[in-house]
Amino acid sequence: MFIINPKSGTGRYKRVPEIIASYLDTERFEYEIRYTERRGHATEMAAEAVADNFYMVVVSGGDGTVNEVVGALAGSETVLGIFPTGSGNGLAHHLHLPFNVEQAVRLLNKGHEELVDTISVNGQYYASIAGVGYDAFVAEKYTGVKRRGLIPYLRLAIGNYFSYRSETYLFSGENNFETKALLISFANSSQWGFDVKIAPKASLQDGWIEVVSVQKPPLYALPKLLFLLLSGHFDRADKYVEIRRMRSFDLKSADGCGICTHLDGDFFGSPQELHVQIHPKSLHVACGEPSLDAAHGTVK
């Protein structure tokens, strides 16, 4: 089953049906194409695919659409495939999947797959990155933006940065501690999207959540931090970044207010408390060979 989100990205989805018809190995695969009509529709269709024993569900869209499908496929035998036709495409970048749809179809024909971890936040599964704080705040603002892409996102991120106040968060479970942070990412993969790596050493197969706490830096420190973030060395920003590896935890805000949260770049809500847990090797993903690198979670 191919699930296409016609509202995702910049219109690259339009040629997907004809490319599938031209390059999919129809001697091995029968297929159908469906289009999302509303938020949550991809989850419904993917759940139907699992119930009907489909071999694979292929998402043509961005991280938000992929996230919807992950929630239905986690724990099943149905494989996730990705055509990265969205904006950020964080999971696809992490997996080194081809962004050319013809090449992506040819990859599916090879039939290589890997088992990867998923993470749940209050029972909602995701495969890449969730978080609280400033990036979740920007994700909420981004929801109402008609024009998608990196530039509109950066305008929101830069425009609200100086007025946003850091919050103090309380962790409990495996470790009990508190931290004041601009944002905290719960990383399964390495990046938010656009090849921006918030957790460069994160792996999809190691059974750990990389919890990345970022303090709000002064203006003079921003250029260096941005360089480390964009160059894939954000873990070296010791003064403002703290990384812990955890398997599960509960999270509250010290002031008792709701926690602004995102899942894979889409605004999730502002619940009073979060329960976050890793689910090792719970999702089948179509990817390239030879295999995922368990040390860094990337395809060699």
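Counting begins at 1 with the first residue of the sequence.
N122 and H275 form no side-chain donor-acceptor contact under 3.5 Å, judged by distance and modelled atom types alone. For the 3.5 Å distance criterion, the side chains of N67 and D264 qualify, holding a donor opposite an acceptor. Between the side chains of H94 and S190, at least one donor-acceptor pair of N or O atoms lies under 3.5 Å. A donor and an acceptor atom, one from each side chain of S282 and T118, are located under 3.5 Å apart. A side-chain N or O of E113 and one of Y55 form a donor-acceptor pair less than 3.5 Å apart.
No donor-acceptor pair under 3.5 Å is formed between the side chain of Q272 and the backbone N or O of K252. At distances below 3.5 Å, not a single donor-acceptor pair connects side-chain atoms of N53 with backbone N or O atoms of T78. When atom types are taken as modelled, the side chain of H262 and the backbone of G265 share a donor-acceptor pair closer than 3.5 angstrom.
Remark: N188 engages D117, I119, L204, I278 in a side chain to side chain contact (heavy atoms under 4.5 Å, CB included) (not counting sequence neighbours). In this view, R245 and D206, W208, E210 satisfy the side chain to side chain contact (heavy atoms under 4.5 Å, CB included) rule, not counting sequence neighbours. Scored by the side chain to side chain contact (heavy atoms under 4.5 Å, CB included) test, A42 finds I3, T36, T65, E68, V69 as partners (sequence neighbours excluded).
A cation-pi arrangement, defined by a distance under 6.0 Å to the six-membered ring centre and an angle within 45 degrees of its axis, is present between R244 and F177.
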Exercise for review: Assess whether side-chain contact (heavy atoms from CB on, under 4.5 Å) is satisfied between E178 and Y169, documenting all intermediate values.
Suggested key: CA-CA 5 Å; E178 67 176 59; Y169 298 94; over 6 Å; no
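Results of the ring pair (Phe, Tyr, Trp, His ring centres under 6.0 Å) test with F186 over W192, F249, F171 single out F249 as the only residue that passes. Test F54, Y31, Y35 against F2 for ring pair (Phe, Tyr, Trp, His ring centres under 6.0 Å) and you get one pass: Y31.
Between E114 and K281, none of the side-chain N atoms (NZ, or NE/NH1/NH2) sits under 4.0 Å from a carboxylate O, so this pair counts as no salt bridge.
Distance check: E48 CD to R34 CZ gives 5.0 Å after rounding to the nearest 0.5 Å.
Heavy-atom contacts from other residues, nucleotides or ligands closer than 6.0 Å to NZ of K216 number more than 12.
The aromatic rings of Y142 and Y153 sit perpendicular to each other, their planes meeting at more than 60°, with 30° as the lower class boundary.
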